[in-house]
Number of protein chains: 2
Amino acid sequence: MTKKYASVDRCDCDVIHKDVIDHVRKEMPEEESLYDLAELFKVFGDSTRIRILSALAVSEMCVCDIANLLNMTQSAISHQLRVLKQAALVKNRRDGKVVYYSLDDEHVEQIIDQGMAHINEEE
Amino acid sequence: MTKKYASVDRCDCDVIHKDVIDHVRKEMPEEESLYDLAELFKVFGDSTRIRILSALAVSEMCVCDIANLLNMTQSAISHQLRVLKQAALVKNRRDGKVVYYSLDDEHVEQIIDQGMAHINEEE
DNA sequence: TTAACACATGAACACCCATTCATATGTCTT
DNA sequence: AAGACATATGAATGGGTGTTCATGTGTTAA
């Protein structure tokens, strides 16, 4: 007979409150969602990417503009834009040689604003 | 005469839209805030820490409970709780030998919920 | 005070990842 | 077609970080 949940073999301490553990296990989101969530926040968790997103929240920009604004190489910016695009946080359009990037949806700004609110309301 | 902003010496391409760059530079948040913001999201950007926070959103728990719930060593959990505490995302109280952790404020849940909303509304 | 238990912590290691460097791709101009 | 320019990308590297292991700290009970 298989156990319903993974057996606990890594924890080197005793279960203190089995009822609490069972309750939390039922109520908290699925593992997969939480992994996806961590991946999402990981993308926000880099100062270069956050600065790019904050810039794009103000205005659409091309790669060269962003590189100049942040005083970084075009290559570094391009690599990060790739990460942001894969995470569906930015989109782009090509106009001749120039590629313009912008935020993909309004959720991005909301997440940033929520984080800002947390930071500014510390006392 | 010093320049108002850091000289651009890292970018290996020309400025395309100086007016856009100047505008964005005025409108976007300060560098320091963005660094702090990245640090905050960095804390959320780990699956172990996100799972801990999600669990604590359901109920206060002791270290041993969390370790059992997530099937990880008490040491690993304790290390991550330290990170979460330093980021002011969780608080704790001691009751005898047992230390109970809980979310520090309602902002934490809001940030998680905002991220969840983003993930679930993809199509 | 000694043992047992819950938790914390320092060091070491393995892995991840952001940047750099070199080069490739795509587009426009002549 | 060839050169110039904007951007993309692959490989390499250095720094950061999560887990493990061993051990330390704090509390309770005998």
Side-chain angles (χ1 to χ4, degrees), chain A residues 8-17 20-21 35 38-39 41-53 60-87 90-102, chain B residues 8-18 20-21 34-35 38-39 41-53 60-87 90-102:
Chain A
V8 176
D9 52 359
R10 315 289 306 283
C11 176
D12 51 354
C13 54
D14 298 337
V15 178
I16 305 293
H17 311 94
V20 172
I21 295 177
Y35 277 104
E39 289 305 309
F41 284 127
K42 204 171 292 181
V43 177
F44 284 88
D46 175 80
S47 60
T48 298
R49 287 192 293 265
I50 275 284
R51 288 190 297 159
I52 292 174
L53 293 174
E60 171 187 75
M61 296 182 87
C62 69
V63 179
C64 185
D65 285 343
I66 301 172
N68 276 276
L69 173 68
L70 304 184
N71 194 30
M72 293 180 66
T73 65
Q74 171 269 323
S75 179
I77 299 299
S78 192
H79 276 294
Q80 296 301 349
L81 285 170
R82 185 167 183 265
V83 175
L84 293 171
K85 184 122 189 283
Q86 284 177 332
V90 303
K91 61 189 175 194
N92 58 13
R93 69 180 176 87
R94 176 178 278 276
D95 182 17
K97 290 181 289 188
V98 183
V99 177
Y100 293 93
Y101 282 82
S102 57
Chain B
V8 177
D9 51 0
R10 314 290 306 283
C11 176
D12 52 354
C13 54
D14 298 337
V15 178
I16 305 295
H17 311 92
K18 182 150 181 45
V20 172
I21 295 176
L34 293 175
Y35 277 104
E39 290 304 310
F41 284 128
K42 205 171 291 183
V43 177
F44 284 88
D46 174 79
S47 60
T48 298
R49 287 191 293 265
I50 275 283
R51 288 190 297 159
I52 292 174
L53 293 173
E60 170 187 77
M61 297 181 86
C62 70
V63 180
C64 185
D65 285 343
I66 301 172
N68 277 275
L69 173 68
L70 303 185
N71 194 30
M72 293 180 66
T73 65
Q74 171 270 321
S75 179
I77 299 299
S78 192
H79 275 295
Q80 295 301 349
L81 285 170
R82 185 165 182 266
V83 174
L84 293 171
K85 184 122 190 283
Q86 285 177 332
V90 304
K91 61 190 175 197
N92 59 12
R93 68 180 178 86
R94 176 178 278 274
D95 181 17
K97 289 182 290 189
V98 183
V99 178
Y100 294 92
Y101 281 82
S102 57

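Below, read A as the first sequence line, B as the second, and so on, with proteins coming before strands; counting in each chain starts at 1. All values below were derived from every heavy atom in this structure, side-chain atoms included, with hydrogens, water molecules and symmetry-related copies excluded.
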Specify the separation, in whole Å, of atom CG of A/D46 and atom C1' of D/dT17. 14 Å

Any N/O donor-acceptor pair, B/S75 side-chain to C/dT9 base, under 3.5 Å: yes

Would you mind telling me which of C/dA8, D/dA6, D/dT7 lies closest to the side-chain atoms of A/V63? D/dT7

Presence of A/T48 side-chain N/O under 4.0 Å of C/dT19 phosphate oxygens OP1/OP2: yes

Show every salt bridge (charged side-chain N to carboxylate O under 4.0 Å, His left out) that has at least one partner inside residues 60-78 of chain A, sequence neighbours left out. A/E60-A/R93

Any idea which heavy atoms bring B/L81 and B/V63 closest together, and the distance? CD1-CG2, 3.8 Å

Quick check on DNA chain C: between A/G45 and B/D65, whose nearest nucleotide comes earlier from the 5' end? B/D65

Short side-chain N/O contact to D/dT17 OP1/OP2 from B/Q80, under 4.0 Å: no

Atom pair distance, as rounded to whole Å: CG in B/N68 and C1' in C/dA6: 12 Å

From CD1 of A/I77 over to C1' of C/dA18, roughly how many Å is that when rounded to an integer? 11 Å

Is the shortest side-chain heavy-atom distance between B/I21 and A/M61 below 4.5 Å? yes

D/dT9 phosphate, OP1 or OP2, under 4.0 Å from A/R82 side-chain N/O: yes

Where the side chain of B/K42 is concerned, which of C/dA8, D/dT17, D/dT7 is the nearest nucleotide? D/dT17

Ignoring hydrogens and angles, answer whether the base of C/dA8 and the side-chain atoms of B/Q74 contain a donor-acceptor pair closer than 3.5 Å. yes

Interatomic distance where CD1 belongs to A/I66 and P belongs to D/dT7 [whole Å]: 9 Å

Rounded to the nearest 0.5 Å, the CG atom of B/L69 sits from the CD1 atom of B/I77 at a distance of 8.5 Å

When you check every protein heavy atom under 4.0 Å of nucleotides 24-30 of chain D, what one-letter string (B, S, -) results, 5' to 3'? --BBS--

Which one of B/R49, B/K85, B/Q80 satisfies the side-chain contact (heavy atoms from CB on, under 4.5 Å) criterion with B/V90? B/K85

For A/R51 and A/I16, take the nucleotide of DNA chain C holding the closest heavy atom to each; which residue's nucleotide lies nearer the 5' end? A/I16

Would you say A/Y101 places a side-chain N or O within less than 4.0 Å of OP1 or OP2 belonging to D/dA6? no

When we call it a touch if two heavy atoms are under 4.0 Å apart, what does B/L81 touch: a base, just sugar-phosphate, or nothing? nothing

May A/H79 be described as stacking on the base of C/dT19, applying a 5.5 Å centroid limit and a 30° limit on plane angle? no

Could you pull out the closest heavy-atom pair between A/A76 and A/M72, with the gap in Å? CB-CE, 4.0 Å

Any A/R49 side-chain nitrogen or oxygen under 4.0 Å from OP1 or OP2 of C/dA18: yes

As an exercise, state the distance from CD1 of A/I16 to SG of B/C62, rounded to the nearest 0.5 Å. 5.0 Å

CZ of B/R93 versus C1' of C/dC7: gap in Å, rounded? 15 Å

For atom CD1 of A/I52 and atom C1' of C/dT19, their distance in whole Å: 12 Å

Heavy-atom closest pair (B/L53 atom, B/F44 atom, distance to 0.1 Å) is CD1-CE2, 3.7 Å

Whole-Å distance, A/N92 CG to D/dA6 C1', equals 13 Å

How long is the line joining CE of A/M72 and P of C/dC21, in whole Å? 13 Å

